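Contents: one structure, followed by commentary.
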Amino acid sequence: MRLSQLFTKTSKNAPADETALNAQLLIKAGYIHKEMAGAYGYLPLGLKVLENIKQIVREEMNALGGQELIMTSLQRQELWEITDRWDDEKVDVWFKSHLQNGTPVGFGWSHEEPISDMMKNFISSYRDLPISVYQFQTKLRNELRAKSGIMRGREFVMKDLYSYARSDEEHQRIYDQLTAAYLRIFERVGLGDKTFLTFASGGAFTQFSHEFQTLTEAGEDIIYVDRAKKLAVNKEVYTDEVLAQLGLDKSQLEEVKAAEVGNIFSFGSKKSEQLELYFTAEDGTRQPVILGSYGIGVTRLMGVIAEVFADDKGLVWPEAVAPAQVYLARLGDNDAVVKQADALYEKLTDQGATVLYDDRDARPGQKFADADLLGIPYRVVVSDKTLAAGALELKKRQDDQAEQIIPGELLKKFGRL
RNA sequence: CGGGGAGUGGCGCAGUCCGGUAGCGCACGCGGUUUGGGACCGCGGGGUCGCAGGUUCAAAUCCUGUCUCCCCGACCA
């Protein structure tokens, strides 16, 4: 992408109506647009980051046999009444409207009920199980108060996977695999060191659910972490009995703030029984399907990544999610410089590298500042100086010093292997 | 939903107390000089001051109502 063609621009001023660092930086850098409180649009660079994160999640879900689909945002009243979750007294985040003929409809804040109801069409025998389906869906939740930029919105993207198993043992196996997959995902997006498997409330279904909590002051949760064991306990279930049960030593726990980037839980057979999702077992008996639900707030995850790695100059994206690998800064506009920069851009792009080419008629300071604000992992400079030296300059976003590199080496470094 | 703060060109702000018909920086357009960490000079375009009522000769400014945004709390399978 040539920056001269990109319609978004960076701004020197942070918006006054945002105090959350993630929103300030993402808006300043032109990654997102705030439409209203808790609702943000994703502009080209922001969308790229979001898609990169989604692709990592998708690969991990597919690796476990997850099958991707997409449900609707419009949902039926009668379905949610079966599980007694239509009433505003029971679920206070519903957005609701009605059809022209007066029929009520809800806007999906979750898809547990619709997706499991839909699966009744396809699950009838033990031969149909186990199965896992997932989607990336826009969830709509009428939160009393939106806050923290894209970390807690009224409209956000969630990856939600649902597992259907024949037995508790089979479910547990899937649950454990998903747990491992989640840890890999957070590792791949760069948050591995800061993200802890956390015991949290299991609600009406089980004693515990598991959250994936990333340590950050911007988070909303208080958790108690055992760094050595790589485990944590959410404050909501933090009691002496629970610690004893989990074999955790209170003296080894540290109280910290964290953001919930994922949550997985087991429903057992309760919801299946409510929704009448049964299968015929090998022995001919009718059994309820064992259900699990596994969520990652994809847009929140993007906000957490932005928040956790940012420095005083702006965003710092991990390579795996960055909107581009290389920020190619062309300084000056004499023919030789333009020629080399254009050629380099084409070669890198042809090799499959993702490049933001700053071909604008702007001064060096502005280009460096934008390269930093945008948080692109590597910055390459082409200028009179580098031409004279016969070598390009390469600098990592987090480094202060640039190194010299000859074009051939650079092409090798960013070539698709 | 309780408490606090704020709405003035695209963005950030001043002006409001003490009413007299809107200004600065960034961004934008034109001309020129510049070019390795957000350049400079000159000229120029753009705002019925969130919205609706009211007071007044006159309202960004005073009064009433209302909407929106931010923060703290509550809420958060």
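Below, each value reflects all heavy atoms present in this structure, side chains not excepted, and no hydrogens, waters or symmetry copies. Order of the sequence lines sets the chain letters (A, B, ...), proteins ahead of strands, with each chain counted from 1. Predicted, not measured: the structure shown is a model, and the values here were computed from it.
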Whole Å only: how far is the [atom1] atom of [X] from the [atom2] atom of [N]?
X: L3(A); N: G38(B); atom1: CG; atom2: P; result: 18 Å
X: W94(A); N: C75(B); atom1: CH2; atom2: P; result: 22 Å
X: D370(A); N: A39(B); atom1: CG; atom2: C1'; result: 15 Å
X: N13(A); N: G38(B); atom1: CG; atom2: P; result: 17 Å
X: M151(A); N: C76(B); atom1: CE; atom2: C1'; result: 14 Å
X: R360(A); N: U35(B); atom1: CZ; atom2: C1'; result: 14 Å
X: Y327(A); N: G37(B); atom1: OH; atom2: P; result: 15 Å
X: Q401(A); N: G37(B); atom1: CD; atom2: P; result: 13 Å

On a whole-Å scale, what distance lies between the [atom1] atoms belonging to [N] and [M]?
N: G2(B); M: G15(B); atom1: P; result: 31 Å
N: C51(B); M: G10(B); atom1: P; result: 13 Å
N: C62(B); M: G20(B); atom1: P; result: 11 Å
N: C41(B); M: A58(B); atom1: P; result: 43 Å
N: C75(B); M: U66(B); atom1: C1'; result: 26 Å
N: C57(B); M: C17(B); atom1: C1'; result: 23 Å
N: G47(B); M: A60(B); atom1: P; result: 16 Å
N: A27(B); M: C13(B); atom1: C1'; result: 14 Å

Does a donor on one side chain and an acceptor on the other come within less than 3.5 Å for [X] and [Y]?
X: S116(A); Y: Y164(A); answer: yes
X: D168(A); Y: Q172(A); answer: no
X: S163(A); Y: S132(A); answer: no

Write down the protein N/O and nucleotide N/O pairs, taken from nucleotides 68-72 of chain B, whose separation is under 3.5 Å; answer none if there are no such pairs.
| residue | atom | partner | partner atom | Å |
| --- | --- | --- | --- | --- |
| C69(B) | OP1 | A37(A) | N | 3.2 |
| C69(B) | O3' | K34(A) | NZ | 3.2 |
| C70(B) | OP1 | K34(A) | NZ | 2.8 |
| C72(B) | OP2 | R145(A) | NH2 | 2.5 |

Need one value for [X]: base, sugar-phosphate or nothing, where a base atom within 4.0 Å counts as base even if backbone is also close, heavy atoms only.
X: D372(A); result: base
X: T10(A); result: base
X: E143(A); result: nothing
X: A329(A); result: nothing

Residue [X], side-chain heavy atoms: nucleotide from [options] that is nearest:
X: L144(A); options: G12(B), C1(B), G38(B); value: C1(B)
X: K12(A); options: G38(B), G37(B), G12(B); value: G38(B)
X: S11(A); options: G38(B), C11(B), C28(B); value: C11(B)

Go ahead and name the base partner of [N]; Watson-Crick or wobble counts if both distances stay under 3.5 Å, otherwise write none.
N: G53(B); result: C63(B)
N: C24(B); result: G12(B)
N: A58(B); result: none
N: C30(B); result: G42(B)
N: C75(B); result: none

Would you say the base of G37(B) and the side-chain of R379(A) have a donor-acceptor pair closer than 3.5 Å?
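Result: at least one qualifying N/O pair found.
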With no angle test and no hydrogens, is the base of C76(B) tied to the side chain of R152(A) by a donor-acceptor pair under 3.5 Å?
yes
Do the side-chain N or O atoms of R363(A) get closer than 4.0 angstrom to the phosphate oxygens (OP1, OP2) of G38(B)?
no
Proximity of [X] and [Y] rings by center, below 6.0 Å:
X: Y378(A); Y: F414(A); answer: yes
X: H210(A); Y: Y182(A); answer: no
X: Y126(A); Y: F279(A); answer: no

Fit a plane to each ring of Y134(A) and F136(A), take the angle between them on a 0 to 90° scale, and name the class: parallel (under 30°), tilted (30 to 60°) or perpendicular (over 60°).
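The arrangement is perpendicular - the two ring planes meet at more than 60°.
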Given side chains that start at C-beta, do those of F368(A) and D358(A) come closer than 4.5 Å, heavy atoms only?
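No, side chains not in contact.
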Is it true that E113(A) and K271(A) have a side-chain N and a carboxylate O under 4.0 angstrom from each other?
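Salt bridge: yes.
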Sidechain N-carboxylate O distance under 4.0 Å for E143(A), R141(A)
no
Position toward the 5' end of RNA chain B (nearest nucleotide), V381(A) or G203(A):
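Whichever sits nearer the 5' end wins; that is V381(A).
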Along RNA chain B (nearest heavy atom to each residue), the more 5'-positioned of P15(A) and K395(A):
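Its nearest nucleotide being more 5', the pick is P15(A).
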